[in-house]
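In what follows, chains are A, B, ... by sequence order, proteins preceding strands, each numbered from 1.
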Amino acid sequence: MAALQHSLTVRRLAKHYGQTRAVDDVTLTIGRGEFVTLLGPSGSGKTTILMAIAGFVQPTAGDILLDETPITPLPPERRNFGMVFQGYALFPHMTVAENVHFPLRVRNVARAEAERRVAEALDLVQLGPLKDRRPSQLSGGQQQRVALARALVFQPALLLLDEPLSALDKKLRAELQVELKALHRRVGLTFIYVTHDQEEALSMSDSIAILRDGRLVQEGPPGQLYERPATRFVADFLGKSNFLEGRIIERRADGFAYAVDGARFLQDGPAPPGETVLIALRPEKIAIAADGEAAANTVEGTIAAWSYFGTSFALVVATGAGTFQVTVPAWRCPVEPAEGRRVRLAWPADASVPVVPD
Amino acid sequence: MDRSAQAGPAANVLAWSVLLFLLLPITVVFPLSVTDQRFLSLPYEAPSLQHYVTFFTSERWLTSTWQSLVIAVFSTVLAVATGTLCAIGCWKLSTRLTDLVRVLMLLPIIVPSIVYALGIYRLWIRLDLLDTYLGIILVHGVTGIPYVMITVSATLANFDPRLEQAARSMGANLSQTLRWVIMPRVMPGIASGAIFAFIHSWDEAVLILFIASRALFTLPRRMWDGINENLDPVMAVAACVMMLLSMLLLAGDLWLRRKRDE
């Protein structure tokens, strides 16, 4: 398997459309066999980067290298990258087997060999019995799998996926996320995945690159991005976050204290330079404290609104230090949620993280 | 709100009159063709097929039918080949210039054919193409291009450009993409365009009058001469034959469209 694995480097890539900078100086390295997700809202440039890697978009500046070889001048048909398109782009006039056979037909693969490989690819995505159907006779999830088989059957150097799950309903999407991840492990190829869905990115990727307005904001493993977001945008886009705008009132060796509207809170880790600080605090890291229970940070407030999600309650709590979004497990919830009820919120000094405002 | 969708009696009457106005002049040809008289009239005593016999045994009419068919087939091939390539080219490039090209290609059906015929006549004198198969096939082919352009462009407008990208991502070069992906998808449009281009040549009567003299006598021209010289009922038979072929082709086109929509 290792022989099939390739790394990809995007070096100082830029794509301008007139005055608009769709991609602006992005540098990114994707390791051999990694599952990397380009994550961002629409217009962040993630699809443009993928299309540049595929060869459909000619960059204004910068290079794309497969291992150490520049591939920027190569047309898409000579790059040998598998691609799963948004909406799948299956050929409607061909059967499932003919669709999967297409890349082999293009390469003049001998008949017996081609038939064996088509069958293999269809088995890989568990679609063998449906090989004589037309794409229009398949469900969305099945079409997605045909697209995968078709993109893998010719042993491509990389697999590029452009929002392959966006057209499916939530439950199926969750199932296919698990399948895709298992498939990645099985075939061992380098996967480059584009999505605007942060849950998809978190659940599947080895590494996530977050993009905004054509620029790379932060890159790293999902856990690191979620726990240590560098900017307000990342904290907000990847999961939910409360933001506390405070003034630093005390600096210590292992942390600092800051004030928000008269309330005083503690934060671990080095203090950022300057007088003000922006703190991101995940809703699920806030607990509802019993009376008299000690914690590094506490603040009292009243429940302004709440909703039930089966596994959890989402509370909106109005306090002297602003409004907090709080997520607490529904199972043995310490308080019965009710509008107007007084609660005491608590969180440790390492639960939150200072971020760069943007 | 429901009432707004229903046509009132006035609209119904109007719609039916328009329909009859379109259809009746055509239907009158059939009774004329089965007249038992020797001039253009409705049957006096009983309907007779004698003029059909004349049509299918007369060398003049059969030659005309054959000429019309040959000219229509070759001009259709010309119109389909050039029109399809032009439509695909414009679609692929899709710039402001190609929009202009698209409009230019429609000129033959915008410019009155009499104007067109005059221009062609002057040019064909110089090129020595008057009264030749090549001359009329070129003219019918060129004036048939718009029909192909329109139908092929319409199918291309519905063509998902990602299919082409998908083909290329799997390693297909331009020629393979064209043959295996684009062409099968636009085939119904090409077939439609071919049918219209064929009918266009098959019943074209103005250009042929300018270009032909002795050698070429297409069916429409033979009929035109017949009307001018004598009111021979065989003309009505010829009209019926022409209409029958056109209607069969249009039915074929409808069938193709329905098949495509399935």
Side-chain angles (χ1 to χ4, degrees), chain A residues 47 50-51 53-57 74-95 98-109 118 121 134-137 143 146-164 167 192, chain B residues 80 84 87-99 151-195 252-253 255-262:
Chain A
T47 302
L50 192 78
M51 286 299 179
I53 296 173
F56 294 114
V57 164
L74 285 184
E77 59 267 27
R78 294 191 41 211
R79 294 194 182 191
N80 203 40
F81 295 169
M83 182 149 182
V84 175
F85 289 80
Q86 203 174 2
Y88 318 131
L90 299 179
F91 302 129
H93 57 288
M94 297 183 194
T95 64
E98 285 168 343
N99 264 284
V100 178
H101 179 226
F102 187 88
L104 305 179
R105 186 178 174 193
V106 162
R107 287 169 177 74
N108 279 319
V109 175
V118 168
R134 299 246 165 194
S136 58
Q137 296 167 307
Q143 291 184 24
V146 178
L148 269 174
R150 191 176 70 167
L152 290 171
V153 72
F154 58 101
Q155 293 163 350
L158 304 172
L159 185 65
L160 311 175
L161 303 108
D162 185 12
E163 309 223 9
I192 305 176
Chain B
V80 166
T84 303
I88 291 178
C90 286
W91 170 75
K92 274 216 62 115
L93 297 174
S94 204
T95 62
R96 208 179 286 175
L97 186 68
T98 61
D99 286 344
T151 54
V152 175
S153 295
T155 40
L156 281 172
N158 292 323
F159 182 88
D160 182 354
R162 273 177 305 197
L163 293 185
E164 195 214 347
Q165 291 187 337
R168 295 186 66 193
S169 79
M170 289 181 266
N173 59 34
L174 184 63
S175 138
Q176 289 169 324
T177 309
L178 203 62
R179 273 181 296 151
W180 296 338
V181 178
I182 299 178
M183 284 304 241
R185 298 299 295 154
V186 296
M187 216 51 208
I190 296 174
S192 258
I195 286 169
D253 183 52
W255 179 76
L256 273 178
R257 274 163 206 261
R258 190 160 308 165
K259 218 180 136 202
R260 180 181 50 191
D261 292 342
E262 266 170 15

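If you take CE on A:M83 and CZ on B:R162, they are separated by 10.0 Å, rounding to the nearest 0.5 Å. Here the CZ-CD distance, from A:F56 to B:Q165, works out to 4.5 Å after rounding to the nearest 0.5 Å.
Residue A:F154 touches chain B through its side chain alone, counting heavy-atom pairs closer than 4.5 Å. Within the 4.5 angstrom heavy-atom criterion, only backbone atoms of A:L90 (N, CA, C, O) approach chain B.
Counting heavy atoms from C-beta on, the side chains of B:L163 and A:P92 come closer than 4.5 Å. You'll find the side chain of B:S169 reaches within 4.5 Å of the side chain of A:F85, heavy atoms only.
Applying the salt bridge (charged side-chain N to carboxylate O under 4.0 Å, His left out) test to every pair with at least one member in residues 149-163 of chain A, sequence neighbours left out, gives these pairs: A:K46-A:E163. Every pair passing side-chain hydrogen bond (donor to acceptor under 3.5 Å, both in side chains) that includes a residue from residues 77-86 of chain A is listed here, sequence neighbours excluded: A:E77-B:R168, A:N80-A:R107.
Counting heavy-atom neighbours within 6.0 Å of B:M187 CE, excluding the residue itself, gives a total of 12 or less.
Smallest separation of non-hydrogen atoms from A:H93 and B:V181: CE1-O, 3.9 Å.
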